[in-house]
Trainee: 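Structure incoming, see below.
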Amino acid sequence: MVQPLAFTLNRAQPEALVDQIVREVERALQRQTLHAGMRMPSIRSLAKAHGISTFTVVEAYDRLVAHGTLVARRGAGFFVAGAADTREPGSSSPGGSLSMGAAASEVTNAWLLSEIFADDSIAVKSGCGWLPDSWLDEDGLHGALRSLSKGPGAHFAHYGHPHGYGPLRQWLARRLGELSIDAPPEQIVLTQGATQALDLVVRTLLKPGDTVLVEAPAYCNLLAVLRLAGLNVVGIPRTEAGLDLAALEQAAQTHRPRALFVNPALQNPLGTSLTPASAHRILQCAEQHGFWIVEDDIYRELAPAGTPSLAAMDGLSRVIYVSSFSKTISPSVRVGYLACSRDLAHEIARSKMVAGLTSSEINERIVHAILTEGRHRKHIERLSDRLTRSRARLITQLQSHGVTLLAQPEGGMFVCGSLPDATQPARELAEAALLESIMLAPGEFFLAHNEPCHWFRFNVAYSDDARLFRFLDKAAAGKLAA
């Protein structure tokens, strides 16, 4: 049956009529005067009842459909959504939160890479890989959106350039020049984040069965990309100074790798950086054995001045440079980029078009507006200061609870450490932590073959929580519930 709506629209209010209709429908749901499956008044009848335009009702209903409050059924009208209509894929309850008991048995690489992004039920996300919204450049995002929406002659509806938005590539060419990386705009390809850039490099240069070298530990998303591509992945130990150069040389001789993937600055997860001597030796090894170097440099803006760059030392001859704005502006804009030789840039742009056509020019325009508005440098300074204070505080707290650091981080978002006299593998402890609504990232997620280990990666922005340290104390004392 059609459900009548009893409410009054106030034309004297500054609130738009569309917003008033949306608000009143959602209030009716809260008061339970509307229930799942009920048919809504037709567009024409609601417009006539309130003396408003049918266009106003159409916009309000469309917005309620977008919110998941209503569903539109062709030829039948609009209906109040039910649980089956509003539940997100993969959720186990109408509210979209996962049962902690069920999730505890699913602490895997796949969970860390996917489900954790959709699960808002976890109270302490110490193991996550992103920064809080309030730490990122939300003001810059809002300002850029307002500016672009008011700009004259903006064209947003078309596909962008295969290489990405031209003015942003020009800005990046100048920025890379400041880092002594000579990369004109035609040697830069914009991507949907750094992860897509890494994936495009893999698609373009590598084939199943090829051997690639990675750091041990390494960025866990990268490991997933390499496994999905069917590559043979060999880990090279990462030390305080960088890669274990003897192990790198041995692996290069034994495996004849096609590529090495490396974080030069504020490595994820250790937070250390290459020394100039280590960077020089890595380039020598690549030249001698003929493999590519993929330099994942997304933490460059947060790194100490003078941290060496392989691309700057190599001149983009054998090095492919990858970065993004997810750690400084926002991960939601999904804007990354890579720089390489001219011919390879054209090949990668073709791979990009085959895999998913152009990247989002709207998002690229947003990033360009933020970078050219004039306040981004100050935002980076504030973010770096906040990370420095939080990192120092976390290191002190971890050590006071008996945690031993794997390395002394030079900056960035992460600290890695192991519990004293740990007997349980880190993954088992992570599953126990999840039962207490604490998310930990076990070290095995960052190793090429998921070798069991006893350490964790802690995010400095999410780990200042008494519940985490109570759990670590219980784990160290062997007092966790069986």
Trainee: Taking the side chain from H449 and the backbone from V233, do they hold a donor-acceptor pair closer than 3.5 Å?
Mentor: yes
Trainee: Are any non-hydrogen side-chain atoms of Y321 and L179 less than 4.5 angstrom apart?
Mentor: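 Side-chain contact under 4.5 Å: yes.
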Trainee: So, N459 side chain and C128 main chain: donor-acceptor pair closer than 3.5 Å or not?
Mentor: yes
Trainee: Calculate, to the nearest 0.5 Å, the distance between atoms CD and OG1 belonging to E410 and T307 respectively.
Mentor: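 Result: 6.5 Å between the selected atoms.
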Trainee: Could you report the tightest heavy-atom contact between Q192 and Q196, atom names first, then the distance?
Mentor: N-OE1, 2.6 Å
Trainee: Quick one: pull up CD1 in I438 and CG in L429 and give me the separation to the nearest 0.5 Å.
Mentor: 11.5 Å
Trainee: Counting C-beta onward and ignoring hydrogens, is there a side-chain heavy-atom pair between S323 and Y337 closer than 4.5 Å?
Mentor: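 Yes - at least one pair of side-chain heavy atoms lies under 4.5 Å apart.
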Trainee: Does R300 reach the main-chain N or O of L266 with its side chain, forming a donor-acceptor pair under 3.5 Å?
Mentor: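 A pair under 3.5 Å: no.
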Trainee: Do F471 and L440 come within less than 4.5 Å of each other through their side chains, counting heavy atoms only?
Mentor: yes
Trainee: What I want to find out is whether K207 reaches D210 closely enough, with some N-O distance under 4.0 Å, to be called a salt bridge.
Mentor: yes
Trainee: Do D137 and F325 come within less than 4.5 Å of each other through their side chains, counting heavy atoms only?
Mentor: no
Trainee: Using a 4.5 Å cut-off on heavy atoms from C-beta on, say whether the side chain of L283 contacts that of V319.
Mentor: yes
Trainee: Passes side chain to side chain contact (heavy atoms under 4.5 Å, CB included), F291 versus T211? Steps please.
Mentor: CA-CA 10 Å; F291 57 80; T211 294; over 6 Å; no
Trainee: Taking atom CD1 of I236 and atom CG of L248, what is their separation to the nearest 0.5 Å?
Mentor: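 That separation rounds to 5.5 Å.
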Trainee: Looking only at side chains, do S359 and K352 share a donor and an acceptor under 3.5 Å apart?
Mentor: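 There is such a pair (donor and acceptor under 3.5 Å, judged by atom type) between the side chains of S359 and K352.
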Trainee: Please evaluate residues E138 and S134 with respect to the criterion side-chain hydrogen bond (donor to acceptor under 3.5 Å, both in side chains), reporting the C-alpha separation (whole Å), side-chain torsions for both, the decisive distance (0.1 Å), and the verdict.
Mentor: CA-CA 7 Å; E138 286 192 309; S134 59; over 6 Å; no
Trainee: With rounding to the nearest 0.5 Å, note down the distance linking CH2 in W455 to SG in C416.
Mentor: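 Going from the CH2 atom of W455 to the SG atom of C416 covers 4.5 Å.
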Trainee: Might you point out which heavy atoms bring K474 and E436 nearest each other, and give the distance in Å?
Mentor: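 Shortest heavy-atom contact: NZ-OE2, 2.9 Å.
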Trainee: Quick one: CG on L231 to CG on L223, what's the gap to the nearest 0.5 Å?
Mentor: 11.5 Å
Trainee: Under a 3.5 Å distance rule, please check whether H379 uses its side chain to pair with a backbone N or O of T328 as donor and acceptor.
Mentor: yes
Trainee: Do F78 and L64 have side chains that get closer than 4.5 Å, going by heavy atoms?
Mentor: no
Trainee: Is a side-chain donor or acceptor of R457 paired with a backbone partner of F414 at a separation under 3.5 angstrom?
Mentor: no
Trainee: If we ignore angles and hydrogens, is there a donor and acceptor under 3.5 Å between the side chains of N263 and E215?
Mentor: no
Trainee: Can you find a pair of side-chain heavy atoms, one from S126 and one from F456, that are under 4.5 Å apart?
Mentor: no
Trainee: Working to the nearest 0.5 Å, report the span between CH2 of W171 and CG of L176.
Mentor: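 Spacing of CH2 (W171) from CG (L176) equals 8.5 Å.
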Trainee: Counting N and O atoms only, with roles assigned by atom type, does the side chain of E295 sit under 3.5 Å from a partner on the main chain of D297, one being a donor and the other an acceptor?
Mentor: no
Trainee: With the side chain counted from C-beta on, respond yes when L34 and M40 share a heavy-atom pair under 4.5 Å apart, and no when they do not.
Mentor: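 Side-chain contact under 4.5 Å: yes.
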Trainee: Is the backbone of A466 close enough, under 3.5 Å, to the side chain of Q397 for a donor and an acceptor to pair up by distance?
Mentor: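 No; zero donor-acceptor contacts below 3.5 Å.
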Trainee: Taking distance alone, no hydrogens or angles, what donor-acceptor pairs closer than 3.5 Å link side-chain atoms of residues 380-389 to residues at least two apart or in another chain?
Mentor:
residue, atom, partner, partner atom, Å
E381, OE2, R377, NH1, 2.9
S384, OG, I380, O, 3.0
T388, OG1, S384, O, 2.9

